[in-house]
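The block underneath contains the structure these notes are about, expressed in structure tokens.
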Amino acid sequence: MINITFPDQSVRQYEAGVSPLDIAKSISEGLARNVLAAKVNGKMWDATRAIGEDAEIQLFTWDDPEGKAAMWHSSAHLMAAAIEQLYKGVKFGIGPAIDNGFYYDIDTGDITLTEADLVNIEKKMLELARQKQVFERVDVCKADALKHFQDKGDEYKVELISELEDGTITYYKNGEFTDLCRGPHIPNTSFIKAVKLTSLAGAYWRGDEKRKQLTRVYGITFPKQKELDEYLVLLEEAKKRDHRKLGRELELFMFNDLVGKGLPIWLPKGTALRLRLQDYLTKIQQEYGYEQVITPHIGGKQLYVTSGHWDHYGADSFRPITTPEEGEEYLLKPMNCPHHCQIFKWKPRSYKDMPVRIAEFGTVYRYEQSGELHGLTRVRSFTQDDAHIFCRPDQVKDEFIRVMEIIEIIFKALDFKNFEAQISLRDPNDHEKYVGADENWAKAEAAIQEACIEKGLPAHVEYGEAAFYGPKLDFMVKDALGRKWQLGTIQVDYNLPERFDLSYIGADNEKHRPVMVHRAPFGSMERFVAVLLEHCAGEFPLWLAPDQVIILPVSEKYMNFAQNLQSYLKKSDIRALIDERNEKIGRKIRDAEMKKYPYMLIVGEKEEAENSVSVRRHGQVDLGSMSTEAFAEMIVKQVKEEQEKR
RNA sequence: GCCGAUGUAGCUCAGCGGUAGAGCACUUCCUUGGUAAGGAAGGGGUCGGGAGUUCAAUUCUCCCCAUCGGCUCCA
């Protein structure tokens, strides 16, 4: 008999060789029907795999991320099995589970898969799934494994196996399909009830662009058709919220081939929105002791040679701008930090002046690879809500806390309720590859973690993710559809102060090296507006909406009253426009709803007589009428409350 | 940059070896209205660009450009 310990620390006894599935059965039939995988003594384990010794066990169902991973990993095998049957002679790379489903990289040889093939593969997968094929785990020795895949002619698997240690190699077989795999897998294929292959893409073997490009097939599976349907609805919803679509519909921004790819143009309404965001942040930054600056869009090449960016990124950037003058070269600025370093250096700084906080909405230009461009989220020119804080080493923690406060205010005002942080620290095994003194790093890393704890910010630590020049803290928000986006960032930099030989005079009358902190609560205006658009589906908070109110006269007879109303509202800084079209009121309401204006004011005979407005809120029905004064007061109050949601 | 797909009116899209169509939007007229599409008429396209095949190319082929889905990269 062996002792099995459950997550609640209770212990039960079982025969040696019992499987997690057997254990589940002993608890309840229902659980047994749903167990997809398990963790045994900290190792991922098949539900059907025997346990030979005392163990701590955790059972996973579809509701656990681990259960989903097992399901999707098994689905990848199922898809490979289907593809192998449909298309002879294909070779397989790797096929893992991912956040939302799975993929398999396949060398299809002379065959080109198209979207149309995906439907056939889906059908085949469902056919195989219904056969209730068991996933059988087999231990193999390296020599046999190599021989098996060499005979099959699958050089990708051979390469993978040759890198594995003998004695650790396992196959999983389902039906006629055998794959190199460490598992775990679901008990059998019948759990896979609904299949959707989502897309086809090219992917380099092992992510190396010098190697062969394989065809990557993405898919997702579910234990119930209903869940697939729900997932497809979610995808539809995401499509509706696509910021590129909303950006056009709401007339916020545009792109133009003549201007150039990846170069967004902000339209009047988009600009109004962006300026409002900038003003909001500027005001907060003033409270937090920032000084606003403006620097040119280009900088001398030598600036970037000194900063080190030229060596690092110069070859993959926009080419230098030359002038009639021999040897004179400028670069479009890819970041604002070198300029700001010059501002710090411009006059002697005392320890009493620190920290110096220099802020700029700085537009930068980066030559992103053309295939990487995407709406407003990946562009070649964007404006960072940048600031650089030059401080003493003992001030790092306090500065982090202050920046975190700003980010919190911003996120709250924009209704991002869920956010968390990722702390990126050095690779503990290799301190060599980082610049800056070891003790400073240690101090800053500790400061960041303490700051998170003090602010009660949920954060997880990633080792080895720090930049070579310093540790950082990134903010991830979850939007209304539960998607995660990386927005704000705070980064410590030991590199630039060194390269630009920045210093301040300490109390000891000696020169000291300041610590530089880069930070951008929005990240970039472009990216932030994109995320905000998708988060609120274009229904901006009232304070931000480019147009807050639309006045809908019932007929042309009331146009005069509408115009007077508009100017009256303007006195209270309420942004209102009038639908002057010769259309019926029902039509005007419909169109105003589609344009997502927060408030509609219907005005006709009655309103004119009473100097009142009939109010309708976007997405709601008639709210009844109120006096024009009461309406203006209500809007002003609401805007104020939204902005002060701190 | 690489793989694949796409590119037809401002938008969403249909069509096709015989040089274009719908809906919405736009303009004008009629209607002057009360909480999600009133009616009529009209204007608008070198069918992404270039070359080739053909009696004839928006349609077929090739090359470019842009967009989309991925890969890679991200100071």
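Just so we're on the same page: letters track the sequence lines, and every chain starts at 1.
Taking CG from A:Leu601 and CG from A:Leu552, the interatomic distance works out to 7.5 Å, rounded to the nearest 0.5 Å. One finds the CZ atom of A:Arg513 at 4.0 Å from the CD atom of A:Glu498 (value rounded to the nearest 0.5 Å). A distance of 13.0 Å separates OH of A:Tyr218 from CG of A:Leu197, quoted to the nearest 0.5 Å. Taken from OG1 in A:Thr271 to CZ in A:Phe253, the straight-line distance is 11.5 Å, to the nearest 0.5 Å.
Side-chain atoms of A:Arg575 come within 3.5 Å of backbone N or O of A:Pro546 as a donor-acceptor pair.
Phosphate proximity of B:rU67 to A:Lys261: absent, as no side-chain N or O sits under 4.0 Å from OP1 or OP2. Between A:Tyr367 and B:rA75 there is no side-chain N or O to OP1 or OP2 distance below 4.0 Å.
Applying a 4.0 Å cut-off to non-hydrogen atoms, none of the residues of residues 515-533 of chain A approaches RNA chain B. Less than 4.0 Å separates RNA chain B from at least one heavy atom of each of the following residues of residues 298-313 of chain A: A:His309, A:Tyr313.
For A:Asp257, taking side-chain heavy atoms from C-beta onward, the closest of the listed nucleotides B:rA36, B:rG70, B:rA66 is B:rA66. Ranking B:rA75, B:rA36, B:rC71 by closeness to the A:Arg616 side chain, first place goes to B:rA36. When distances run from any side-chain atom of A:His374 to the nucleotides B:rG34, B:rU32, B:rG69, the shortest one goes to B:rG69. The side chain of A:Arg244 lies closest to B:rC68, out of B:rC71, B:rC68, B:rC26. Out of B:rA75, B:rC73, B:rG33, the shortest distance to the side chain of A:Ser317 is found at B:rA75.
A:Phe255 comes within 4.0 angstrom of no nucleic acid atom, judged by non-hydrogen atoms across all strands. Within the 4.0 angstrom heavy-atom criterion, only backbone atoms of the sugar-phosphate kind lie near A:Arg248; the bases stay farther away. Looking at heavy-atom distances under 4.0 Å, A:Tyr103 makes no contact with the nucleic acid at all. Nucleic acid contact for A:Gly586: sugar-phosphate only, since backbone atoms but no base atoms lie under 4.0 Å from a heavy atom of the residue.
A donor-acceptor contact under 3.5 Å is formed by the side chain of A:Glu607 with the base of B:rG34.
Salt bridge annotation for A:Lys240-A:Glu237: present, with a cationic side-chain nitrogen under 4.0 angstrom from a carboxylate oxygen. Using a 4.0 Å cut-off between charged nitrogen and carboxylate oxygen, A:Glu159 and A:Arg206 count as a salt-bridge pair. For A:Glu605 and A:Lys557, the salt-bridge test fails: no basic side-chain N is under 4.0 Å from an acidic carboxylate O.
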So what is the 5' to 3' dot-bracket string for RNA chain B, if pairs are Watson-Crick or G-U wobble with both distances under 3.5 Å, crossing pairs use [ ] and | means the partner sits on another strand?
-> (((((((..((((....[..)))).(((((.......))))).....(((((..]....))))))))))))....
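Separating the P atom of B:rG17 from that of B:rU61 is a span of 13 Å, rounded to the nearest Å.
Of the listed residues (A:Ile551, A:Val549, A:Leu577), just one forms a side chain to side chain contact (heavy atoms under 4.5 Å, CB included) with A:Tyr597, and that residue is A:Leu577.
Comparing A:Asp316 and A:Tyr204 along RNA chain B, the residue whose closest nucleotide (by nearest heavy atom) sits nearer the 5' end is A:Tyr204.
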